[in-house]
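One structure is given here, and the rest of the page talks about it.
Every value quoted in this text rests on a predicted model; they were computed, and no experiment measured them.
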Amino acid sequence: MAHSLFHTMTEQPAYDGKPAQLIELTNAKGVRIVLMDIGATWLSCLLPLACGERREVLLGVGTMADFVRQPSYMGVTVGRYANRIANGLFTIDGQEYQLSVNQAGNTLHGGVNGFDKQRWQVLEQQENRVVFGLRSADGEQGFPGQLDVQVSYQLDDDGRFDIAYLAHSDKATPVNLTNHAYFNLNGVDSELDARAHQLQIAADYYLPTDSVGIPLGELAAVDGTGFDFRKAKNVAQDLLTDEQQKAAKGYDHSYLFAADRDTNKPVAKVMSQDQQVSLSVITDKPAMQLYCGNWLAGTPSRSGGEYSDYAGLALETQFLPDSPNHPEWPQPSVILRPGQEYRYQTTYHFSC
């Protein structure tokens with residue numbers, strides 16, 4: 001399937017009238033990962049299993065037409081600010097900024113024309129590594145400052161897939177970059193979906209939100225709630241058991257990690273139901289959005305059909321949503337200033 005994407009994804013032009021450029025990364029064990037310059041997108045992740053099966057574990061589309069019309073941000077690099085900013089408004093140094101709004105009167109994933117819809121430049125390419133670059137103009141979607149961004153993807157022979165982010169700005173601006181991959185370790189064509197995973201998240205706190213995903217303001221302890229994944233459990237076990245989940249049709253919330261944690265240890269672990277595939281998430285980001293695909297129904301699939309709700313789960317490492325309006329939260333500042341460097345890394349480590 002990975003090879004056919006090079007044909008099907010380039011048959012139709014992208015947003016700028018030209019075909020997309022696809023790049024495949026491989027390792028000695030036979031892992032095959034396909035990336036695309038439009039949205040610096042992770043399109044495919046094919047894993048060779050011990051039993052001889054080759055399993056696609058990443059949700060995605062098969063044509064550019066479907067990529068353009070899919071509303072679910074599958075596999076894209078999200079920016080300039082991942083997740084939500086309330087009313088598209090924030091203030092820096094006494095100056096108020098109004099962003100483009102694109103979901104329930106709020107700004108989601110960078111606005112109407114976020115980084116996911118832009119063509120990134122291929123700055124470097126090797127067999128197991130590619131670096132994409134993008135320049136976001138001052139005022140784009142309402143954000144201040146010219147932002148220069150690089151995202152590097154690297155696959156090693158141990159099954160580690162590293163995503164590294166680097167950014168600089170000439171004005172103070174909020175920056176929050178992530179990848180919006182959806183995983184189904186049971187196989188994307190399996191009858192088993194996101195609910196049929198064992199999941200563990202090393203976090204004591206999550207962030208309650210209102211009915212449209214805007215934080216209510218206070219972090220809450222996971223203890224005694226369905227949000228407690230400190231011990232591995234099936235995603236389905238406590239699904240929709242909390243009032244917070246019911247409004248969102250499931251898990252679509254951020255978890256805050258301990259500030260003094262070891263950033264070389266996983267913050268999340270996922271296991272397929274057949275225990276053939278496991279995924280560990282390692283990051284130096286302070287938080288992670290768990291989204292179990294609660295609203296995926298109708299999203300076009302790679303095979304030409306449509307995904308159902310809960311078809312895959314996203315583990316989006318990031319800052320907490322609406323952070324520009326909550327400097328009191330216990331995490332690093334989300335405001336990148338001139339002379340500073342935005343540098344973070346997330347590793348998705350596959351074992352099979």
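A donor-acceptor distance shorter than 3.5 angstrom exists from the side chain of Y307 to the backbone of G60, with no hydrogens or angles considered. Although no hydrogens or angles enter the test, the distance criterion places no donor-acceptor pair under 3.5 Å between the side chain of Q331 and the main chain of S323. At distances below 3.5 Å, not a single donor-acceptor pair connects side-chain atoms of D148 with backbone N or O atoms of R135. A donor-acceptor pair under 3.5 Å is formed between the side chain of T63 and the backbone N or O of D66. Side-chain N or O atoms of Y182 include one that pairs as donor or acceptor with a backbone N or O of S72 at under 3.5 Å. Between the Q345 side chain and the A164 main chain, no donor and acceptor come within less than 3.5 Å of each other. In this structure, the side chain of R195 does not engage the main chain of N234 through any donor-acceptor pair within 3.5 Å. Between the side chain of D193 and the backbone N or O of N184 there is no donor-acceptor pair closer than 3.5 Å. Using a distance-only test at 3.5 Å, with no hydrogens or angles considered, no donor-acceptor pair links the side chain of D138 to the main chain of Q146. Side-chain atoms of D157 come within 3.5 Å of backbone atoms of A28 as a donor-acceptor pair (strictly under, hydrogens ignored).
Following chains of ILVMFWY side-chain contacts shorter than 4.5 Å, one cannot reach L59 starting from L199, and the two form parts of different hydrophobic clusters.
Using the six-membered ring where Trp is involved, F161 and W42 have ring planes that are tilted, between 30° and 60° apart. Ring geometry for Y15 versus F67: interplanar angle over 60°, hence perpendicular rather than tilted (30 to 60°).
Remark: the T347 side chain and the D162 side chain contain an N/O donor-acceptor pair separated by less than 3.5 Å. Residues T173 and R80 have side chains that bring a donor and an acceptor to within less than 3.5 angstrom of each other. In this structure, a donor-acceptor pair under 3.5 Å is absent between the side chains of Q273 and Q275. No donor-acceptor contact under 3.5 angstrom links the side chains of Q103 and N106, judged on distance only. With hydrogens and angles left out, the side-chain atoms of S100 and Q141 include a donor and acceptor closer than 3.5 Å. Between the side chains of H349 and D158, at least one donor N or O sits under 3.5 Å from an acceptor N or O. Between the side chains of E316 and N179, no donor-acceptor pair is found at a separation under 3.5 Å. Side chains of S136 and E140: a donor-acceptor N/O pair is present below 3.5 angstrom, by distance only. Side-chain contact, N83 with Q318: a donor N or O sits under 3.5 Å from an acceptor N or O. Side-chain contact, Q244 with H253: a donor N or O sits under 3.5 Å from an acceptor N or O.
Geometrically, K117 does not engage F115 in a cation-pi contact defined by less than 6.0 Å to the ring centre and at most 45° from the axis. Annotation: cation-pi geometry satisfied between K285 and Y165 (NZ/CZ under 6.0 angstrom from ring centroid, within 45° of ring axis).
For Y310, the ring-ring contact (aromatic ring centres under 6.0 Å, His included) criterion is met by no residue, not counting sequence neighbours.
For D16 and K18, the salt-bridge test fails: no basic side-chain N is under 4.0 Å from an acidic carboxylate O.
Contact of the V281 side chain with the T317 side chain is registered, since non-hydrogen atoms from C-beta on lie closer than 4.5 Å.
Just one residue in the list T178, T346, T263 forms a side chain to side chain donor-acceptor pair (under 3.5 Å) with T283, and that residue is T346. When Y344, F257, Y81 are each tested for a ring-ring contact (aromatic ring centres under 6.0 Å, His included) with F319, only one passes: Y344.
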Worksheet item: How far apart are the C-alpha atoms of K29 and D156, what are their side-chain angles, what is the distance that settles it, and do they pass the salt bridge (charged side-chain N to carboxylate O under 4.0 Å, His left out) test?
Response: CA-CA 9 Å; K29 290 185 176 178; D156 78 4; over 6 Å; no
